[in-house]
2 protein chains.
Amino acid sequence: MVRPTRQRAAVAAVFDELEGFHSAQEVHARLRTAGDTVGLSTVYRAVQALADDGELDSIRTDSGEALYRRCSTQHHHHLVCRSCGRTVEVAGPTVEQWADRVAGEHGFADVSHTLEIFGTCADCRVPTP
Amino acid sequence: MVRPTRQRAAVAAVFDELEGFHSAQEVHARLRTAGDTVGLSTVYRAVQALADDGELDSIRTDSGEALYRRCSTQHHHHLVCRSCGRTVEVAGPTVEQWADRVAGEHGFADVSHTLEIFGTCADCRVPTP
DNA sequence: GAGCGCCTGAGAACCATTGTCAACTCTGGT
DNA sequence: ACCAGAGTTGACAATGGTTCTCAGGCGCTC
């Protein structure tokens with residue numbers, strides 16, 4: 001049984017306030033400085049629980065750190081700027097279908113997939129003369 | 001100055017022999033069992049150097065482990081069995097184009113992407129009666 | 001062959017993440 | 001309200017991939 005607790009609410013609240021991706025460590029630090037003492041383990045657990053429930057979306061940085069963010073329930077992918085980290089959510093029915101079809105053709109069932117697109121966004125691109 | 005050494009050649013050779021993605025740890029273990037003693041640190045350095053040179057491509061697993069593979073001239077993705085780990089290489093021109101187009105629409109340049117498909121292969125699926 | 005640097009490698013350090021476990025706190029039944 | 005039981009918490013230890021350190025090794029050039 002999942003029980004609503006102060007700590008869980010606190011973690012969820014952080015993602016309501018913040019835009020974009022944030023690490024568990026960051027959430028923990030933020031709660032600490034806000035005077036809201038929540039154990040680090042608890043933050044990790046809460047964040048993972050939220051991710052399991054589909055309330056948070058997670059990606060990995062190049063350094064292997066896990067980042068989470070409040071996301072829409074519908075399945076989508078991310079377009080991430082290599083320079084400033086800005087992310088755009090993109091939906092791609094085409095890709096979903098393609099992935100399912102290809103997997104099916106090879107006899108794979110219960111299919112899921114991960115897709116991240118990286119690039120340099122317009123703001124970060126240096127206007128080379 | 002970059003100097004060609006036995007160790008670096010050994011690491012590069014591993015990726016010539018192997019298909020798909022492999023971790024630095026795995027490369028190290030493989031060299032060890034092959035009687036080719038190369039320090040773990042050196043494997044990490046070699047792998048990163050190769051990645052910097054664009055000879056290897058890297059991704060992160062869900063657990064945060066870094067995987068590398070030889071950049072084949074031909075771009076493709078992987079269909080991985082969750083149970084036995086069997087992988088199938090799949091090419092998807094559709095996806096490539098879609099990714100480029102979507103990125104372009106959002107003003108992103110210099111686009112790359114990672115895509116992995118997970119599922120349960122026919123052999124591992126339990127024939128539920 | 002000699003000297004200069006880059007390179008190597010064993011181990012320690014690092015750090016995000018996960019595991020442990022006793023104490024705690026909801027929740028439902030009485 | 002009270003109690004019992006089960007989910008939760010949090011300080012701390014442990015884990016594991018990756019990086020750092022530094023003394024010694026080795027390739028290159030002269």
Side-chain angles (χ1 to χ4, degrees), chain A residues 1-15 18 20-53 55-69 80 82 85 114 116, chain B residues 1-15 18 20-53 55-69 80 82 85 114 116:
Chain A
M1 182 211 332
V2 175
R3 204 183 295 169
T5 63
R6 175 182 66 81
Q7 291 85 347
R8 241 165 251 215
V11 170
V14 169
F15 285 99
L18 300 177
F21 286 96
H22 305 279
S23 68
Q25 302 275 350
E26 193 180 337
V27 171
H28 179 242
R30 185 170 285 265
L31 288 172
R32 268 288 153 84
T33 54
D36 210 339
T37 60
V38 177
L40 181 56
S41 309
T42 304
V43 172
Y44 273 102
R45 275 186 295 243
V47 155
Q48 284 168 0
L50 287 168
D52 283 348
D53 288 354
E55 289 201 51
L56 292 184
D57 207 16
S58 72
I59 59 171
R60 290 262 174 188
T61 63
D62 283 350
S63 63
E65 201 177 2
L67 301 182
Y68 300 85
R69 163 181 84 157
V80 186
R82 263 190 288 264
T114 65
E116 304 291 325
Chain B
M1 181 214 331
V2 175
R3 203 182 295 170
T5 63
R6 174 182 67 81
Q7 291 85 346
R8 240 164 251 216
V11 171
V14 168
F15 286 98
L18 300 178
F21 286 96
H22 304 279
S23 67
Q25 302 274 349
E26 193 181 336
V27 170
H28 179 241
R30 186 169 284 265
L31 288 172
R32 269 287 153 84
T33 55
D36 210 340
T37 60
V38 177
L40 182 56
S41 311
T42 304
V43 171
Y44 273 102
R45 276 186 294 244
V47 156
Q48 284 167 0
L50 287 168
D52 284 347
D53 288 355
E55 290 201 52
L56 292 184
D57 210 12
S58 72
I59 60 171
R60 289 263 174 186
T61 64
D62 284 349
S63 62
E65 199 178 5
L67 302 183
Y68 301 85
R69 77 168 166 189
V80 186
R82 263 190 287 264
T114 66
E116 304 293 323

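Chain naming here is simple, since letters A, B, ... match the order of the sequence lines and numbering starts at 1 in each. Atoms considered below: every heavy atom in the structure, side chains included; atoms not considered: hydrogens, waters and symmetry mates.
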Which one, [options], comes nearest to the side chain of [X]?
{"X": "A:Tyr44", "options": "D:dA11, C:dG9, C:dT18", "answer": "C:dT18"}
{"X": "B:Arg8", "options": "C:dT17, C:dT8, D:dG10", "answer": "C:dT8"}
{"X": "A:Glu65", "options": "D:dT9, D:dT18, C:dA16", "answer": "C:dA16"}

Along DNA chain C (nearest heavy atom to each residue), the more 5'-positioned of B:Val43 and A:Tyr68: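 Final value for this comparison: B:Val43.
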Considering the options B:Val27, B:Thr5, B:Leu31, B:Val14, which one meets the side chain to side chain contact (heavy atoms under 4.5 Å, CB included) requirement together with B:Val38?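 Exactly one pass, corresponding to B:Leu31.
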Can you tell me which residue among A:Thr33, A:Val11, A:Leu40 is in a side chain to side chain contact (heavy atoms under 4.5 Å, CB included) with A:His28?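 The residue from A:Thr33, A:Val11, A:Leu40 that satisfies side chain to side chain contact (heavy atoms under 4.5 Å, CB included) with A:His28 turns out to be A:Leu40.
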For [X] and [N], what is the distance between atoms [atom1] and [atom2] respectively, to the nearest whole Å?
{"X": "A:Leu31", "N": "D:dG10", "atom1": "CG", "atom2": "P", "result": "10 Å"}
{"X": "B:Glu26", "N": "D:dT18", "atom1": "CD", "atom2": "P", "result": "12 Å"}
{"X": "B:Gln48", "N": "D:dC20", "atom1": "CD", "atom2": "P", "result": "9 Å"}
{"X": "B:Gln25", "N": "D:dG16", "atom1": "CD", "atom2": "P", "result": "11 Å"}
{"X": "B:Leu40", "N": "C:dT8", "atom1": "CG", "atom2": "P", "result": "13 Å"}
{"X": "A:Asp52", "N": "C:dT18", "atom1": "CG", "atom2": "P", "result": "11 Å"}
{"X": "A:Gln7", "N": "D:dG10", "atom1": "CD", "atom2": "C1'", "result": "9 Å"}
{"X": "A:Arg6", "N": "C:dT27", "atom1": "CZ", "atom2": "C1'", "result": "19 Å"}

Does any donor-acceptor pair link the side chain of [X] with the base of [N] at a separation under 3.5 Å?
{"X": "A:Ser41", "N": "D:dA11", "result": "yes"}
{"X": "A:Arg45", "N": "D:dG7", "result": "no"}
{"X": "A:Ser23", "N": "C:dA16", "result": "no"}
{"X": "A:Thr5", "N": "C:dC26", "result": "no"}
{"X": "A:Thr37", "N": "D:dG10", "result": "no"}

Would you please test A:Thr37 and A:Arg32 for side-chain contact (heavy atoms from CB on, under 4.5 Å) and show each step? CA-CA 5 Å; A:Thr37 60; A:Arg32 268 288 153 84; 4.2 Å; yes
Of the non-hydrogen atoms in B:Tyr68 and B:Phe15, which two are nearest, and what is the gap between them?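 Closest pair (atom of B:Tyr68, atom of B:Phe15, distance): O-CE2, 3.2 Å.
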Got a second to check how far B:Arg8's CZ is from B:Leu50's CG, nearest 0.5 Å?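 Interatomic distance, B:Arg8 CZ to B:Leu50 CG, rounded to 0.5 Å: 8.0 Å.
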